Amino acid sequence: LPTVGDESDARTNLIVNYLPQSMSQEELRSLFSSVGEVESAKLIRDKVAGHSLGYGFVNFVNPNDAERAISTLNGLRLQSKTIKVSFARPSSDMIKDANLYISGLPRNLSQQDLEDMFSRFGHIINSRVLVDQASGLSRGVAFIRFDKRAEAEDAVKHLNGNVPPGSSEPITVKFAANPNQARNSQMVSQMYHGQSRRFGGPVHHQAQRFRFSPMSVDHSSGGGGSSGNGSGGWCIFIYNLGQDADEAILWQMFGPFGAVVNVKVIRDFNTNKCKGFGFVTMSNYEEAAMAIHNLNGYRLGDKVLQVSFKTSKGHK
């Protein structure tokens, strides 16, 4: 099988975002087969609970069909969702630090308004307005990931310090990622691009490694020296996770805030269920603080999470 970086693969492999929860892999395949011959269609599901994560990959046999699928199906409304279809770029391009962090937005600004404001600068891969879980109101903070770094730079140049219509305050638009992100995003993209295909068996050993010595995690900030950078990064403690929580959920929750070095869910040795807590190590202090600020009190399923720096290290 070609790797994600394969040239021909890059022209036929699509990522489909914002799929309705109820859509099955077969439905995804048949929707895209209406455009041309589909070699493979994969809906990405939560590894433990099995629910759809709302996106998938479709690989066409023919590059022309892939292009046509983008022009035909991008922006298609399915149930209450508007799907987004774009090339699943080889992992090195996909993450050229094109992720923007926007703050100071008017509280009544919707995700659609946000995309309307930014779409003239390039192709938006995904966007997210952070919402206060208790009140359901916008926190005035959002993330936008562009397809290309140059597009994101353009948006920063034109919109940073701008006052949106109907608002009296200027907004801040800056890059959310830092150069370390390449390594983590590759890990994330490997997690999502058919992990089992790439790694075969060892994935299971990884899961066991998280289980065997939960105590060892508490003594070092990075959790077993796996952080890879000298400082070890900033370790964040997440409490009150549900039994079905897994590493992918932590990647998804913390990834938008910046460079994540590693994630760990502490599992019960016998049942392999999450014991209610986990750790995330982030390499940048400001991004870690921002993640804690936004995710402490976040409602995940029926649980309200408690998120904090793990040791006094965070308060120096």
Side-chain angles (χ1 to χ4, degrees), residues 4 47 53 91-101 126 128 130 143 145 149 174-193 195 198-199 202-203 205-239 241 245-267 274-275 277-296 298 300 305-316:
V4 190
K47 287 201 208 47
L53 291 176
S91 54
S92 57
D93 291 349
M94 194 158 120
I95 49 164
K96 281 248 175 5
D97 293 332
N99 196 18
L100 295 182
Y101 169 76
N126 57 22
R128 173 173 155 211
L130 297 188
F143 290 96
R145 184 180 290 282
R149 170 82 184 192
K174 61 179 193 178
F175 282 96
N178 66 22
N180 273 355
Q181 186 146 22
R183 197 165 37 110
N184 317 305
S185 304
Q186 264 161 345
M187 285 155 83
V188 172
S189 70
Q190 279 171 350
M191 275 176 78
Y192 292 137
H193 291 300
Q195 185 184 39
R198 193 83 46 89
F199 299 128
V203 175
H205 304 302
Q206 230 171 345
Q208 280 163 344
R209 208 178 65 232
F210 294 132
R211 279 188 304 174
F212 278 147
S213 52
M215 293 321 293
S216 68
V217 177
D218 282 348
H219 305 310
S220 69
S221 75
S226 47
S227 56
N229 61 353
S231 69
W234 301 89
C235 192
I236 299 166
F237 178 63
I238 301 99
Y239 177 70
L241 289 164
D246 67 353
E247 280 73 23
I249 287 173
L250 293 182
W251 277 116
Q252 280 188 311
M253 279 168 47
F254 285 83
F257 293 97
V260 174
V261 183
N262 68 340
V263 300
K264 254 191 180 81
V265 168
I266 305 304
R267 294 190 166 87
C274 172
K275 286 174 85 164
F277 58 99
F279 297 94
V280 170
T281 307
M282 296 183 72
S283 57
N284 177 299
Y285 173 78
E286 274 178 24
E287 292 168 349
M290 181 58 69
I292 289 171
H293 175 73
N294 282 291
L295 293 173
N296 186 37
Y298 182 85
L300 184 64
L305 302 183
Q306 291 173 32
V307 182
S308 60
F309 279 114
K310 190 178 76 65
T311 62
S312 58
K313 179 175 178 180
H315 306 297
K316 280 180 189 158

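Every heavy atom of this structure was used, including side-chain atoms; hydrogens, water molecules and symmetry mates were not. Not measured: the values here are computed from a predicted model.
Proximity of a side-chain donor or acceptor of Asn296 to a complementary backbone N or O of Ile292 within less than 3.5 Å is not detected. When atom types are taken as modelled, the side chain of Gln306 and the backbone of Ile238 share no donor-acceptor pair closer than 3.5 angstrom.
For Ala245 against Cys274, the heavy-atom pair with the smallest separation is O-CB, 3.9 Å. Among all heavy-atom pairs drawn from Ala291 and Met282, the shortest one is CB-SD, 4.0 Å. Looking at every heavy atom in both residues, Ala289 comes nearest to Phe309 through N-CZ, 4.1 Å. The minimum heavy-atom distance linking Leu250 with Phe279 is given by the pair CD1-O, 4.1 Å.
Atoms NZ and CZ, from Lys275 and Arg267 in turn, are 12.5 Å apart once rounded to the nearest 0.5 Å. Separating the CG atom in Asn99 from the CZ atom in Phe175 is a distance of 9.5 Å, to the nearest 0.5 Å.
Val260 has its side chain out of reach of Thr281: every pair of non-hydrogen atoms, C-beta onward, lies at least 4.5 Å apart. Counting only heavy atoms from C-beta outward, the side chains of Phe257 and Val280 never approach each other to under 4.5 Å. Considering only heavy atoms from C-beta on, Met290 comes within 4.5 Å of Tyr101 through its side chain. Within the 4.5 Å cutoff, side-chain heavy atoms of Met253 are placed close to those of Leu305. Side-chain contact between Phe254 and Leu295 is present, with heavy atoms from C-beta onward closer than 4.5 Å.
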